[in-house]
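Remarks on the structure that follows.
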Amino acid sequence: MASFSFETLERENLGETVYARVAEALIKGRFAPDARLTIRDLAQSLGTSVTPVRDAILRLIQDEALVQKSAREVRVPIITLERYREIRQIRLKLEGLAAREAALKATARDIERLRDLIARNERAIADRNWTEGLELNQTFHFALADIGDMVVLRGILNRLWLQMGPLIAESYHEGGRAMIDNHHAVLAAVEKKDADAAERAIIADITEGGNVILERLFSRHAAGVSQAN
């Protein structure tokens, strides 16, 4: 299993807690694409029995965040080029809507929260702390749905990011400024309550950051074709 370890859990609400912990790790890119996960190792890392871990793994397979290769082998999926394009197209629409609603509903406190996330992300990138930068990037995107008070949309985004988290993490450090520059534009639009500008900025963010991911997927696809031939 990957080297990432969890903090030991308390005994209450184990099923939901295990699911939430593993889901969060996937969203934040703690597991790489094609990483092999074992129920026993996860249970040991979390300090719990195998039963709640098995249940969480089954839920994550249903969420398409993990894939069952065999009775004993579960892996983080390798997203295909076609699937990534579809997910990105959905994100452009949904996160664009979240940005619009955030611009219309944000309070002064919400704006300060976004500003703080950007500042911390800038420091993380400057320090080449890609793990923290990635987490702050994800938090910023989810914050727009939270500020827009879009609970259903937030749940949909959570499922999409379950699938995308490992892939984004794999490419984050290569993305450089493309992963954060448009966050400043989003913040400026939210401050002005300009819903159209907020939507354009988050669309630019997903598109420009996604170009790095597309390059990686093109390379992987080409390598697969070459090997097959």
Side-chain angles (χ1 to χ4, degrees), residues 1-4 22-37 60 63-67 74-96 98-99 117-145 156-187 200-227:
M1 194 186 81
S3 59
F4 174 72
V22 181
E24 181 182 37
L26 286 163
I27 288 171
K28 293 184 175 179
R30 300 291 179 83
F31 299 119
D34 204 37
R36 183 173 181 265
L37 306 183
L60 289 163
D63 289 336
E64 299 181 278
L66 296 173
V67 290
V74 175
R75 289 188 179 269
V76 177
I78 297 176
I79 301 295
T80 64
L81 182 60
E82 294 76 14
R83 190 172 186 85
Y84 171 71
R85 283 174 165 160
E86 180 181 354
I87 292 174
R88 187 172 77 160
Q89 187 175 11
I90 295 168
R91 284 186 62 204
L92 291 173
K93 296 293 185 182
L94 295 185
E95 295 193 38
L117 288 170
I118 292 171
R120 289 163 58 199
N121 203 345
E122 288 281 11
R123 288 195 296 272
I125 290 175
D127 294 340
R128 302 181 69 81
N129 186 343
W130 306 121
T131 299
E132 183 176 358
L134 180 71
E135 290 188 13
L136 290 164
N137 174 68
Q138 176 263 318
T139 302
F140 182 90
H141 280 261
F142 279 28
L144 296 175
I156 296 170
L157 290 182
N158 193 76
R159 180 164 180 174
L160 292 177
W161 276 72
L162 275 173
Q163 300 176 53
M164 288 298 304
L167 183 58
I168 294 172
E170 188 181 48
S171 307
Y172 189 80
H173 68 283
E174 296 176 21
R177 299 299 316 171
M179 295 297 188
I180 193 173
D181 276 345
N182 286 293
H183 289 192
H184 293 279
V186 173
L187 174 61
R200 287 195 300 271
I202 203 65
I203 286 174
D205 179 63
I206 296 169
T207 302
E208 292 172 21
N211 288 337
V212 178
I213 297 173
L214 280 173
E215 289 176 9
R216 179 178 287 272
L217 290 175
F218 276 126
S219 298
R220 183 178 289 158
H221 178 73
V225 171
S226 177
Q227 291 175 2

Checklist entry - Using a distance-only test with no angle check, is there a side-chain donor-acceptor pair under 3.5 angstrom linking His183 and Glu122? => result no
Checklist entry - Is it true that Glu24 and Arg30 have a side-chain N and a carboxylate O under 4.0 angstrom from each other? => result no
Checklist entry - Any side-chain heavy atom of Glu208 sitting closer than 4.5 Å to one from Asp181? => result no
Checklist entry - Near Gln89 CD, under 6.0 Å, is it more than 12 heavy atoms from other residues, nucleotides or ligands? => result no
Checklist entry - Going from CD on Glu170 to CG on Asp34, what distance comes out if it is rounded to the nearest 0.5 angstrom? => result 10.0 Å
Next on the checklist: Can you give me the closest heavy-atom contact between Gly96 and Ile202, atom names plus distance?
Outcome noted: CA-CG2, 3.6 Å
Checklist outcome for this item: Sorted by chain and number, sequence neighbours left out, side chain to side chain contact (heavy atoms under 4.5 Å, CB included) with Arg91 holds for Ile87, Glu95, His141, Leu160, Trp161, Ile168, Ile206
Checklist entry - Any side-chain heavy atom of Leu217 within less than 4.5 Å of one from Thr80? => result no
Checklist entry - Nearest 0.5 Å, what's the CG-CG distance between Leu144 and Leu94? => result 12.5 Å
Item to check | Close side-chain approach of Arg123 to Arg120, heavy-atom, < 4.5 Å | outcome: yes
Checklist outcome for this item: Here the gap from Ile27 atom CD1 to Asn158 atom CG, rounded to the nearest 0.5 Å, amounts to 4.0 Å
Checklist outcome for this item: Correct closest heavy-atom pair for Lys28 and Leu134 would be O-CD2, 2.9 Å
Checklist entry - Which heavy atom in Leu117 sits nearest to a heavy atom in Phe140, and how many Å separate them? => result CD1-CA, 3.9 Å
Item to check | side chain to side chain contact (heavy atoms under 4.5 Å, CB included) against Glu132, all qualifying residues, sequence neighbours excluded | outcome: Ala124, Asn129, Leu136
Item to check | Least distance between heavy atoms, Ile118 atom then Ile180 atom | outcome: O-CD1, 3.8 Å
Checklist entry - Do you know the tightest heavy-atom contact between Arg216 and Ser171? => result NE-OG, 3.3 Å
Next on the checklist: I need the Arg177 CZ to Ile125 CD1 distance, nearest 0.5 Å.
Outcome noted: 5.5 Å
Item to check | Between CD1 on residue Ile213 and CE on residue Met164, distance to nearest 0.5 Å | outcome: 4.5 Å
Checklist entry - Between atom CD of Glu86 and atom CD of Gln163, what is the distance when rounded to the nearest 0.5 Å? => result 9.0 Å
Next on the checklist: Restricting to side chain to side chain contact (heavy atoms under 4.5 Å, CB included), what partner residues turn up for Leu26, sequence neighbours left out?
Outcome noted: Val22, Phe31, Leu60, Ala65, Leu66, Val76, Leu162, Pro166
Next on the checklist: Give me the atom names and distance for the closest heavy-atom approach of Leu92 to Ile203.
Outcome noted: CD2-O, 3.7 Å
